[in-house]
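In what follows, a single structure is set out as C-alpha cells and then discussed.
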Amino acid sequence: MEDVTLHHFRWRKPVENKNGEIVYKTSETQTTEISRKDVECVANFQKSQESQTEDFMTNGVGDGVKKEIRISKEVLGHIYDFLRDDSKVNYDRLLEFHKFDKVSLETVQKYHVETSSLPLPVCAISAVFYSSTQFLLGDISGNISMWTKEKMIFENKVTDGSVTSLEMCRYGLLSGSDDGNVILWKVEESKIEKIEGIKLTVSDLSRKIRRSSTSNKPVAVVSMQVSGDEVCVATETGGLYLLNLPTLESKPLTQSATSIFKILYDHPYIAVVYHTSNSAIFNSEGLVDEIPFVATLAVRCGAYFIFSNQSRLIIWSMNTRSTVIDENLNCHSLCSLSNDTLQVLDGDFNLVSNFLNDH
C-alpha cells in the first residue's frame, strides 16, 4: 500500500434520518492547485496560484448541510505565499511602466545677466542659499558670513582652516573645512551657534586609502550633500563617509584613492566628480555607471544627476539608471531651482530656466 493525495473526491454514505428512513448523503471535497505561466511576456516572470478547498454535503430529501473540514498544511502554505507575495509581484510587474527614459529640456524663461560684483573682504570658496534674499558664504580664512544683495549681515570665525563646503538641512547649516571638521550649526539672526561636530582623521579612512591606522592627522573635506537624514561627505584623497543627522555618527565607504572635486548624493546613489577622471555613479553594491568625460559642473535635480564639462551636458536618471540626455551645450554654471527646474548660465551669460519634462 502507498499514500496518495486525492485532490478531488466524493462519496455517498447511507444514514438514517429522524423519521427512521435510510437516505444517502453525498460529500464532496476538492483541493485543486492551478499553476499558470505567461510565455513571451514583457515582465521577467509571472505566476499565479489558486487553492480551493470546498465541502458540500447534500442529502436526498433536504437542503444542503455545511460541515467543518480541516485544510491541509500544504493548502495553507499556498494561501500564505499568495498573501505574502501578491503585492510585491504586482509592484515588480508594473515597475517598468513607471520608469521614464524620454526626458527633454523645455526652456520656460530666459534673460540676459548683466555682470555685477559684490566686494568681499576675503576669498569665498563655498556658498549656499539660506532664503530667497539671503545666502551664506564660507571663506578661505575660516569664516562663515551671511549676506544679502546689498550688505553683510554677520560674520563668525568657525575654524583655523578654510570653509570648503556648506549645505543646508532640516536641522540647520552643515559646514565642512580643510581641517577635517564637519559641524552642524543653528542659524540665528545675527550669528550661528554650534549644535554638533565631528573631526575626520586619517584613521577614519577606508583601508584602501589610508597608509596608517593610527594617524590623527585631519583630512580635508571638499564636498557634502544631504539626502533625508544622511549627509555624504567627500575628502580630497578619495574618502567617502555617510553621516547620520543630527548626531553626525559616521560610517566610511570603500573607495579608491582618487582626488575628488565634488559629490552628489540621493540615497542610494552617490555621483563622484573627480579632478582628472571620468565622473562615476555608485551604490552600496559598487559601480553603477560612468559619465564619459571629466566634469567641471554637477548638480542634483529631482531624480536626476546632471553633469557638464562646460561644452557638453549629460543628464543621468536614477529611475532608469541610465543617461537620458546627452547634448552639446556651452555653459558657465548649473543650478537646481526645484525637483524639475534646471537653471543654466549659458555661454552668452543668459540665465535660462529649463523644465525637465519626463513625458
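Heads up: numbering here begins at 1 and tracks the sequence.
- Residues Val187 and Val163 are members of one and the same hydrophobic cluster, defined by side-chain heavy-atom contacts under 4.5 angstrom among Ile, Leu, Val, Met, Phe, Trp and Tyr.
- A pairwise comparison of heavy atoms in Ser126 and Leu166 identifies OG-CG, 3.7 Å as the closest pair.
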Atom pairs and distances, donor-acceptor, side-chain atoms in residues 279-290, under 3.5 Å, two or more places apart:
{"residue": "Asn283", "atom": "OD1", "partner": "Glu285", "partner atom": "N", "Å": "2.9"}
{"residue": "Asn283", "atom": "OD1", "partner": "Gly286", "partner atom": "N", "Å": "3.3"}
{"residue": "Asp289", "atom": "OD2", "partner": "Trp316", "partner atom": "NE1", "Å": "2.8"}
{"residue": "Glu290", "atom": "OE2", "partner": "Asn278", "partner atom": "ND2", "Å": "3.1"}

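- Remark: Asp348 engages Asp346, Asn350 in a side-chain contact (heavy atoms from CB on, under 4.5 Å) (not counting sequence neighbours).
- For the pair Lys199/Pro218, a side-chain contact is recorded, criterion being any heavy-atom separation below 4.5 Å from C-beta on.
- Applying the side-chain contact (heavy atoms from CB on, under 4.5 Å) rule to Ser141 yields the partners Val122, Asp139, Asn143; only residues at least two apart in sequence or on another chain are considered.
- Under the rule for a side-chain contact (heavy atoms from CB on, under 4.5 Å), the partners of Ser336 that lie at least two apart in sequence or sit in another chain are Val299, Cys301.
- Hydrophobic clustering (side-chain heavy atoms under 4.5 Å, transitive across Ile, Leu, Val, Met, Phe, Trp, Tyr) groups Ile315 together with Leu329.
- Of all heavy-atom pairs between Met318 and Gly302, the closest is CE-O, 3.5 Å.
- In this structure, Leu136 and Met168 have side chains that are in contact, with non-hydrogen atoms separated by less than 4.5 Å.
- Applying the salt bridge (charged side-chain N to carboxylate O under 4.0 Å, His left out) test to pairs two or more places apart or on separate chains, none has a residue in residues 231-249.
- Residues Val219 and Val182 are members of one and the same hydrophobic cluster, defined by side-chain heavy-atom contacts under 4.5 angstrom among Ile, Leu, Val, Met, Phe, Trp and Tyr.
- For the residue pair Gln343 and Ser353, a side-chain donor N or O sits within less than 3.5 Å of a side-chain acceptor on the partner.
- The minimum heavy-atom distance linking Leu240 with Ala234 is given by the pair CD2-CB, 3.7 Å.
- How far OG of Ser250 is from CD1 of Ile198: 4.0 Å, rounded to the nearest 0.5 Å.
- No more than 12 heavy atoms of other residues, nucleotides or ligands shown are found within 6.0 angstrom of NZ on Lys151.
- Between the side chains of Asn354 and Thr107, at least one donor N or O sits under 3.5 Å from an acceptor N or O.
- Within the structure, every pair that satisfies the ring-ring contact (aromatic ring centres under 6.0 Å, His included) test and touches residues 318-341, not counting sequence neighbours, is listed here: His332-Phe349.
- Residues Val272 and Tyr274 have side chains in contact (heavy-atom distance under 4.5 Å, counting atoms from C-beta outward).
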Side-chain donor-acceptor distances from residues 188-197 under 3.5 Å, at least two apart:
none

- Item | Step-by-step side chain to side chain donor-acceptor pair (under 3.5 Å) determination, Thr159 to Asp179 | CA-CA 8 Å; Thr159 179; Asp179 58 2; 2.4 Å; yes
- Query: Checking side chain to side chain contact (heavy atoms under 4.5 Å, CB included) for the pair Leu243/Lys251: CA distance, chi angles, key distance, verdict?
  - Reply: CA-CA 6 Å; Leu243 275 59; Lys251 178 180 72 173; over 6 Å; no
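- Summarising the geometry, atom CG belonging to Leu356 is positioned 6.0 Å from atom OH belonging to Tyr304; distances are rounded to the nearest 0.5 Å.
- Leu342 CG to Leu337 CG: the interatomic distance, rounded to the nearest 0.5 Å, is 8.0 Å.
- Following chains of ILVMFWY side-chain contacts shorter than 4.5 Å, one can reach Phe293 starting from Val273, so the two form part of one hydrophobic cluster.
- Residues in residues 154-185 take part in no ring-ring contact (aromatic ring centres under 6.0 Å, His included) pair, two or more places apart or across chains.
- Between Cys331 and Val344, the closest heavy-atom pair is CB-CG1, 3.5 Å.
- The backbone N or O of Arg312 sits less than 3.5 Å from a side-chain atom of Asn309, completing a donor-acceptor pair.
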- Task: Evaluate side chain to side chain contact (heavy atoms under 4.5 Å, CB included) for Leu137 paired with Trp147, printing each intermediate quantity in order.
- Result: CA-CA 8 Å; Leu137 296 179; Trp147 294 75; 3.7 Å; yes
- Task: Test Leu297 against Gln310 for side chain to side chain contact (heavy atoms under 4.5 Å, CB included), laying out the working first.
- Result: CA-CA 7 Å; Leu297 303 171; Gln310 297 187 305; 4.0 Å; yes
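- One finds the OG1 atom of Thr341 at 10.5 Å from the CD atom of Gln109 (value rounded to the nearest 0.5 Å).
- The structure places SG of Cys169 at 5.5 Å from CG of Leu184, a figure rounded to the nearest 0.5 Å.
- Hydrophobic cluster membership of Phe355, counting Ile, Leu, Val, Met, Phe, Trp and Tyr whose side-chain heavy atoms lie under 4.5 Å apart directly or via other members: Val108.
- In terms of heavy atoms, Leu351 sits closest to Val113 at CB-CG2, 3.6 Å.
- Between Gln134 and Phe129, the shortest heavy-atom distance links the atoms O-CD2, 3.7 Å.
- For Ile125, the side-chain contact (heavy atoms from CB on, under 4.5 Å) test picks out Cys123, Ser162, Thr164, with sequence neighbours left out.
- For the atom pair CG (Leu313) and CG (Asn328), the distance works out to 10.0 Å, reported to the nearest 0.5 Å.
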- Query: Are Leu248 and Leu174 close enough, and set up right, to give a side chain to side chain contact (heavy atoms under 4.5 Å, CB included), and what steps lead you there?
  - Reply: CA-CA 10 Å; Leu248 299 184; Leu174 281 163; 4.1 Å; yes
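- With sequence neighbours excluded, no residue forms a salt bridge (Lys or Arg N to Asp or Glu O under 4.0 Å) with Asp340.
- With a 4.5 Å cut-off on side-chain heavy atoms, Asn357 and Val103 do not count as touching.
- Sparse packing is recorded around CG of Asp160, with 12 or fewer heavy atoms of other residues, nucleotides or ligands lying under 6.0 Å away.
- Residue Phe135 is not grouped with residue Val128 when hydrophobic side chains (ILVMFWY) are merged at heavy-atom distances under 4.5 angstrom, including chains of intermediate members.
- A donor-acceptor pair is defined here as one N or O able to donate and one able to accept, closer than 3.5 Å; no such pair exists between the side chain of Thr323 and the backbone of Ile325.
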Under 3.5 Å donor-acceptor pairs involving side-chain atoms of residues 259-266, not counting sequence neighbours:
{"residue": "Lys262", "atom": "NZ", "partner": "Ala298", "partner atom": "O", "Å": "2.7"}
{"residue": "Tyr265", "atom": "OH", "partner": "Glu230", "partner atom": "OE1", "Å": "2.5"}
{"residue": "Tyr265", "atom": "OH", "partner": "His267", "partner atom": "ND1", "Å": "3.4"}

